[in-house]
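So you know, we letter chains A, B, ... as the sequences are listed, proteins then strands, and number each from 1. For clarity, every value in this text was computed on a predicted model and none was experimentally measured.
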There are 2 protein chains.
Amino acid sequence: MARTTIKDIAEECGVSLSTVSLVLNNNPRISASTREKVLKAVERHQYQPNVFARSLASRSSHVLSVVMPDLNHVFSDTYFGEIVSGIYDRASEIGYKVLLDVANQRFVSTGEHVALLTSKRVDAALFIGSSIYDEYLTRLETEQLPVVLVNHFMPGHKLSYVAADYKETARIAADHLLGLGHRQIGILSGTNTHTALEFRNTFIDACVASGLREEDLPWADGWFSEQGGYEAAQWLLDRNPRITALMGGNDKMAIGAMRLLKERKLRVPDDISVLGVDDTPASAFTNPGLSTIRHDLFHIGSLAVDAALALFNGDSKLLQKTLPVQMIARESTGPAPHRP
Amino acid sequence: MARTTIKDIAEECGVSLSTVSLVLNNNPRISASTREKVLKAVERHQYQPNVFARSLASRSSHVLSVVMPDLNHVFSDTYFGEIVSGIYDRASEIGYKVLLDVANQRFVSTGEHVALLTSKRVDAALFIGSSIYDEYLTRLETEQLPVVLVNHFMPGHKLSYVAADYKETARIAADHLLGLGHRQIGILSGTNTHTALEFRNTFIDACVASGLREEDLPWADGWFSEQGGYEAAQWLLDRNPRITALMGGNDKMAIGAMRLLKERKLRVPDDISVLGVDDTPASAFTNPGLSTIRHDLFHIGSLAVDAALALFNGDSKLLQKTLPVQMIARESTGPAPHRP
DNA sequence: CGCCATGAGTAAACCCTTTTACGATGGTGC
DNA sequence: GCACCATCGTAAAAGGGTTTACTCATGGCG
């Protein structure tokens, strides 16, 4: 039994194909009575338009691609997970589907990241967490494709993005720690991303502006993971035992650092304060609860969807949106201890 | 500038549309010389076939849907993440794309879970982690759609699945704990899934067969999460202080239980042993390392892809595959302590 | 009463490939 | 020299919608 097509509906209702199509697309040209007749038949037959025929004719697929970075276990990372949830929610709310991609070697070298868009397979693409070195993004820029970077950006490139305000994050973080009296702060800096760079630089600048010396703001690069935070903290503490606070590049790094501190029998926050960034769900459940600067990743994801579609619809050429952040003070930060 | 189509290529090469199409589909009917000529033109124009036209004509979308359960933070759950990784990897290996879906209220009530397949939008669908109550699956059964349940199943239904051997898992677990001398074992049983039921029942049967009494095998239901494990463990320990081992329904529950034990100053495994199921990445990093029965979720994901496509291609009507599991003994299980 | 604007619907072109039945060409065996 | 067969291509029919320009009544207006 063949699927029922628009033709079947048209014949049954004694109208033309176009009429049915117009009804289905809510075109006001069709009278209420005809509309109803058609809709009834549609309902009766459980008619489902063929999405391919539709996409082919309308040049819109109603599909969004989300491109994940090629990291181990990306699909179970809370940071990415929150963003994907936001994307998925918003997309399905407005009738869009989400296609999964990973920016791995093959994906880039075969040019699939471009073909995906030029072949109209997807209306737009959302890139999550690409790194400084992701030169492939430039091709997306030159070809003016509907692409949005999610919670990161590429300075000097005309690429749209929706991202948390990392500068403001850094300033709030600096204020918070300085206000608690910390004068030697170690920075667990994420690696390979412009946001990480911007965060670190702004943080340092803010501290220096308040009278700290650069040498009292040692930093170490590391992966944005518990392990990365653990190792970076280790490196920093071994060289700078007088540090009274650790600034994590994200919550996971901060959590990794806290594990190290526990192993070293350093109390948080009595001996050393730890501050994170993101406010991923786990942060509320650490012990002590992690103070952090909240980035609303879910919301960033949904806004990215809207931005991407605005680009696709030609409403705009370039969208660069920076979102406010919020200090969440829990228990992992406290007054700086006296160091003799 | 319009996209180059198969027609452009054909004209440029002085051959028919069909010829180009056949070349592109590696049909041996076309001679090597013609083939080469066409491929050169394709290369020169960076020609990309229009996927929609292709899907429309060929009735195959080369897309798979992965349907996630409607849980909080599914997209950052390691269990689901591992499976999705396996699915994604295998799918992209064989030229398939992966579409994301969530089995939420809307998805089911609108019949999208069926329409997705009947409308040929996707070639097949992979359902991850549906529950006992997911009646909507029965419609997939009656309509004989290409659907595979991933690491779970529905007894009494003719639904294909690829799942770890939960019975064997239960037996291995029982052997392991009994071998260590445990005689009173609390079970942190996952809830709402047939695999959880099967696991619990088989575990109890195995223990009883070895001479334990049922009343020494108390169990508590809980969500498959750290929190769920924590609470279930709490409930069990409060009522059964003589327990010497806790059997987690999965690693997360086991990890949650370990947190509780730490809070209660009970040493693992000296005072109480803890055993998990799955061997998700985190299990190697707990302290002490979590003993567990390994389910190769990544592999299960890839096999599910192959199974789904076998169904789609009509190679088979029903595929029910059970995969071997493996004991991973780390430090969280040890000899039962003497309880006076 | 004739003209025109408006509303409702339709015809037909178009979107781009796949696929099957058929055609042409040249060679083979007898 | 003929029937027959491969081999290589092609024509044309799907596949199922969208969309634009056009038709045809109808009613209002001057």
Inset, instruction - Could you label the plane-to-plane angle of the B/Phe127 and B/Tyr136 rings as parallel, tilted or perpendicular, counting under 30° as parallel and over 60° as perpendicular? - result: tilted
Inset, instruction - Keeping to residues at least two apart or across chains, list the salt bridge (charged side-chain N to carboxylate O under 4.0 Å, His left out) pairs with something in residues 302-321 of chain A. - result: A/Arg90-A/Asp306
Inset, instruction - Would you please confirm or rule out a distance under 4.0 Å between OP1 or OP2 of D/dG15 and any side-chain N or O of A/Asn50? - result: no
Legend entry - Candidates C/dT18, D/dG17, D/dT18 - which lies nearest the side chain of A/Ser58: D/dT18
Inset, instruction - Report yes if the side chains of A/Phe75 and A/Leu100 come closer than 4.5 Å at any heavy-atom pair, otherwise no. - result: yes
Legend entry - Five-pair end axes of the helix from C/dC1-D/dG30 to C/dC30-D/dG1 and the angle they enclose, rounded to 10°: 50°
Legend entry - Evaluation steps, side chain to side chain donor-acceptor pair (under 3.5 Å), between B/Ser58 and B/Ser60: CA-CA 5 Å; B/Ser58 69; B/Ser60 160; 5.0 Å; no
Legend entry - Atom-to-atom span, NE2 of A/His62 to P of D/dG17 - whole angstrom: 16 Å
Legend entry - Protein-nucleotide distance (A/Asn25, atom CG; C/dG9, atom C1'), rounded to Å: 15 Å
Legend entry - Worked check of side chain to side chain donor-acceptor pair (under 3.5 Å) between B/Thr322 and B/Asp165: CA-CA 5 Å; B/Thr322 302; B/Asp165 190 335; 5.8 Å; no
Legend entry - Length of the line joining A/Asn27:CG and D/dT20:P, which is rounded to integer Å: 10 Å
Legend entry - Separation of D/dT19 C1' from A/Asn26 CG (nearest whole Å): 16 Å
Legend entry - A/Val150 vs A/Val162 side-chain heavy atoms within contact, under 4.5 Å: no
Legend entry - Pairwise side-chain contact, A/Val122 with A/Leu117, heavy-atom cut-off 4.5 Å (strictly under): yes
Legend entry - Nearest-angstrom distance from the residue atom CG of B/Leu24 to P of C/dT19: 12 Å
Legend entry - Qualifying side chain to side chain donor-acceptor pair (under 3.5 Å) pairs with a residue from residues 111-120 of chain A, counting only residues at least two apart or across chains: A/Arg106-A/Glu112, A/Glu112-B/Lys97
Inset, instruction - Could you tell me whether the side chain of B/Asn25 and the main chain of B/Asn27 form a donor-acceptor pair under 3.5 Å? - result: no
Inset, instruction - Remember a base hit wins even if backbone is also touched, and classify A/Ser21 as base, sugar-phosphate or nothing at under 4.0 Å, heavy atoms. - result: base
Inset, instruction - Can you sort out which residues in residues 38-48 of chain B have a heavy atom within less than 4.0 Å of DNA chain C? Ascending by number, please. - result: B/Tyr47, B/Gln48
Quick one: which protein N/O atoms are closer than 3.5 Å to N/O atoms of nucleotides 7-10 of chain D? Pair and distance per line, please.
from: D/dG9; atom 1: OP1; to: B/Ser31; atom 2: OG; distance (Å): 2.9
from: D/dG9; atom 1: OP1; to: B/Thr34; atom 2: OG1; distance (Å): 2.1
from: D/dG9; atom 1: OP2; to: B/Ser31; atom 2: N; distance (Å): 2.6
from: D/dG9; atom 1: OP2; to: B/Ser31; atom 2: OG; distance (Å): 3.1
from: D/dG9; atom 1: OP2; to: B/Thr34; atom 2: OG1; distance (Å): 3.4
from: D/dG9; atom 1: O6; to: B/Arg29; atom 2: NH1; distance (Å): 2.4
from: D/dT10; atom 1: OP2; to: B/Ser16; atom 2: N; distance (Å): 3.2
from: D/dT10; atom 1: OP2; to: B/Ser16; atom 2: OG; distance (Å): 3.2
from: D/dT10; atom 1: OP2; to: B/Thr19; atom 2: OG1; distance (Å): 2.2

Legend entry - Pair A/Thr19-A/Ser16, side chain to side chain donor-acceptor pair (under 3.5 Å): steps then yes or no: CA-CA 5 Å; A/Thr19 306; A/Ser16 73; 3.0 Å; yes
Legend entry - Nearest-nucleotide pick for A/Leu56, side chain only, options being C/dT18, C/dC16, D/dT18: C/dC16
Inset, instruction - Let me know the distance between CD of A/Glu11 and C1' of C/dT10, rounded to the nearest Å. - result: 15 Å
Inset, instruction - Send over the distance from B/Arg59 CZ to D/dA14 C1', rounded to a whole Å. - result: 7 Å
Inset, instruction - Evaluate the side-chain proximity of A/Ser160 to A/Leu311: yes if any heavy-atom separation is below 4.5 Å, no if none is. - result: yes
Under 3.5 Å donor-acceptor pairs involving side-chain atoms of residues 81-89 of chain A, not counting sequence neighbours:
from: A/Glu82; atom 1: OE2; to: B/His73; atom 2: ND1; distance (Å): 2.6
from: A/Ser85; atom 1: OG; to: A/Gly81; atom 2: O; distance (Å): 3.1
from: A/Tyr88; atom 1: OH; to: B/Val102; atom 2: N; distance (Å): 3.0

Legend entry - Whole angstrom value for the distance that separates P of C/dC16 from CD1 of B/Ile9: 13 Å
